[in-house]
Amino acid sequence: LAMAYLAWGLAQRWCPSSLQVISFPVVQLHLNRTAMRLSQKDFESAMNQVKLLKKDPGNEVKLKLYALYKQATEGPCNMPKPGVFDLINKAKWDAWNALGSLPKETARQNYVDLVSSLSSSLESSSQVEPGTDRKSTGYETLMVTSEDGITKIMLNRPTKKNALNVEMYHEIMHALKAASKDDSAITVLTGNGDYYSSGNDLTNFTDIPPGGVEEKAKNGAILLREFVGCFIDFPKPLIAMVNGPAVGISVTLLGLFDAVYASDRATFHTPFSHLGQSPEGCSSYTFPKIMSPAKATEMLVFGKKLTAGEACAQGLVTEVFPDSTFQKEVWTRLKAFAKLPPNAMRISKEIIRNREKEKLHAVNAEECSVLQGRWLSDECMNAVMNFLSRKSKL
Ligand SMILES: CCCC/C=C/CC(=O)SCCNC(=O)CCNC(=O)[C@H](O)C(C)(C)COP(=O)(O)OP(=O)(O)OC[C@H]1O[C@@H](n2cnc3c(N)ncnc32)[C@H](O)[C@@H]1OP(=O)(O)O
């Protein structure tokens, strides 16, 4: 399969002009014409940039470029599924199909972002000395870019709905620590593809160490505590751009963000009881404060899924935008925020958040310890087994 990908990669030269037909369809009529022209221009220039890349970005990235290009120009996957032995076309079809109903405008933006992160990461990685930490230049599960005073951390496992595997937990912590020290004024977390994130990757539960499930649960609790701690301690304004459905830990963490902007396609779902689990991300403390104990119970105990509008009415989301203009409107706003004096913003965040920090760390520790027990319960193990054997989905 690797050889086949390689051959395909070489043949296509990962350049959109050699990827089948290029024709720009009529774009959504309701978009502002100027914004549309600009975005089209960015898209065209990104396509040219791809041709100029000096290094092969690898087959996985080439598949992402292909899928985003097709989605941006033709919309959702409209080809019949290739047969199992047609490996190359199957891989391409899978990548495109995984983008689901992602709007063309968002696909175009994601294509531009991917090319931009690729240009900077491949350029800078060619400059780093051998042995330098690869994560300071490139990530496996994230796309991290920094421009206009904004560091953007994009969850980048779209084919897995941006589920958080162990590597992604570590990379997010790394990216947050780097962002806290870089010269950007604000930091944004968002997702690539049609989901913001489907929460904890349930296959995390399958890799059992020699110490057995107890050791697995203990390690998970340590990782989770450190991970959530990075959000509690993050010193700059931290903004979530919830581009699509959000599940589990990707929802609970929102209570630790300074602003949450959501597409009207986003939903918010914390099915902990269904999974035999209990709340994390400090949500057992932040959610009742944000939305009232009863509303928090509906979400965290009964697993009620909220629309973006409902989440906004309950204070979890700051503002909701139509999906067709979400990227444009939010980025315009964030670029204006990022021009404000960074020290003033940092100090103001500190005064808003600091008196809660100690409490939040205590809540985090307690939630992790309770979860450690839940992960060993039959209820949890059965729910995970059911998902993994494809017997259940949310
Ligand atoms: C160590 C710290 C622990 C912190 C604990 C946190 C708690 C939580 O976050 S609880 C929430 C856990 N998440 C879930 O239970 C979601 C499970 N996923 C689903 O129910 C569905 O995948 C979906 C409703 C999110 C999407 O359904 P849809 O039909 O649109 O797409 P799929 O074909 O199911 O997904 C595509 C692809 O992605 C894989 N996948 C999606 N989500 C997860 C996940 N959370 N864990 C592992 N894998 C996931 C899915 O299996 C598909 O993979 P394949 O194409 O290989 O079959």
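Atoms considered below: every heavy atom in the structure, side chains included; atoms not considered: hydrogens, waters and symmetry mates. Numbering of ligands and ligand atoms starts at 1, following listing order.
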**Report entry** Atom indices of ligand 1, in the order listed, that fall short of 4.0 Å to a heavy atom of Ala163
**Finding:** 43 (C), 44 (C), 45 (N), 46 (N)
Query - Short side-chain donor-acceptor distance under 3.5 Å, Tyr169 and Asn200 - result: yes
**Report entry** Glu105/Arg108 ion pair, N-O < 4.0 Å
**Finding:** yes
**Report entry** Salt bridge Lys104-Glu74, side-chain N to carboxylate O under 4.0 Å
**Finding:** no
Query raised in the report: So, Asn243 side chain and Gly193 main chain: donor-acceptor pair closer than 3.5 Å or not?
Result: yes
Report summary line: Among Gln277, Lys161, Glu367, His269, the residue with a heavy atom nearest to atom 31 (O) of ligand 1 is Lys161
Query raised in the report: How about Glu167 and Thr141: does a side-chain donor come under 3.5 Å of a side-chain acceptor?
Result: no
Query raised in the report: Between Asp148 and Lys339, does at least one N-O distance fall below 4.0 Å, as a salt bridge requires?
Result: no
Query - Side-chain ion pair, Asp201 and Lys160, N-O less than 4.0 Å - result: no
Requested in this report: Would you mind checking which non-hydrogen protein atom is closest to atom 52 (C) of ligand 1, with the distance to 0.1 Å?
Outcome: Arg390 NH2, 4.4 Å
**Report entry** Side-chain touch Leu334/Tyr261, heavy atoms, less than 4.5 angstrom
**Finding:** yes
Query raised in the report: Nearest protein heavy-atom contact for atom 29 (O) of ligand 1: which residue, which atom, what distance?
Result: Lys393 NZ, 2.8 Å
**Report entry** Subset of ligand 1 atoms that lie under 4.0 Å from at least one heavy atom of Thr159
**Finding:** 36 (C), 37 (C), 38 (O)
Query raised in the report: Judged by modelled atom types alone, do Ser146 and Ser184 share a side-chain donor-acceptor pair under 3.5 Å?
Result: no
Query raised in the report: For atom 12 (C) of ligand 1, what's the nearest protein heavy atom and its distance?
Result: Asn200 O, 3.6 Å
Report task. May I ask you to decide whether Asp233 forms a salt bridge with Lys177, counting only side-chain N to carboxylate O separations under 4.0 Å? Result -> no
Query raised in the report: Which ligand 1 atoms, with their elements, are less than 4.0 angstrom from a heavy-atom of Ser198?
Result: 12 (C), 13 (N), 14 (C), 16 (C), 25 (C), 41 (C), 42 (N), 43 (C), 44 (C), 45 (N)
Query - Protein residue, atom and distance nearest to atom 1 (C) of ligand 1, heavy-atom basis - result: Gly220 O, 3.9 Å
**Report entry** Proximal ligand 1 atoms for Tyr169, defined as those under 4.0 Å from one of its heavy atoms
**Finding:** 2 (C), 3 (C), 4 (C)
Report task. For Gly199, take its heavy atoms, then give the atoms of ligand 1 lying under 4.0 Å from any of them. Result -> 9 (O)
Query raised in the report: Relative to ligand 1, is Leu164 under 4.0 angstrom through side chain, backbone, both or neither, heavy atoms considered?
Result: neither
Query raised in the report: Can you tell me if Asp201 has a non-hydrogen atom under 4.0 Å from ligand 1?
Result: yes
Query raised in the report: If you measure every N/O of Phe272 against every N/O of ligand 1, is any gap under 3.5 Å?
Result: no
Report summary line: closest protein heavy atom to atom 46 (N) of ligand 1 is Leu202 N, 2.8 Å
**Report entry** Option nearest atom 50 (C) of ligand 1 (shortest heavy-atom distance, choices Tyr195, Phe387, Trp375)
**Finding:** Phe387
Report task. Can you pull out the closest protein heavy atom to atom 20 (O) of ligand 1? Residue, atom name and distance to 0.1 Å, please. Result -> Leu394 N, 3.0 Å
Query raised in the report: Given Arg225, His274, Lys160, which one has a non-hydrogen atom that is nearest to atom 41 (C) of ligand 1?
Result: Lys160
Query raised in the report: So, Asn162 versus Ser197: side-chain donor-acceptor pair below 3.5 Å or not?
Result: no
Query - Ion pair Lys335/Glu147, N-O distance below 4.0 Å - result: no
Query raised in the report: Where is the nearest protein heavy atom to atom 10 (S) of ligand 1: which residue, which atom, and how far?
Result: Leu275 CD1, 3.5 Å
**Report entry** Shortest protein contact, atom 7 (C) of ligand 1 (heavy atom only)
**Finding:** Glu280 OE2, 3.1 Å
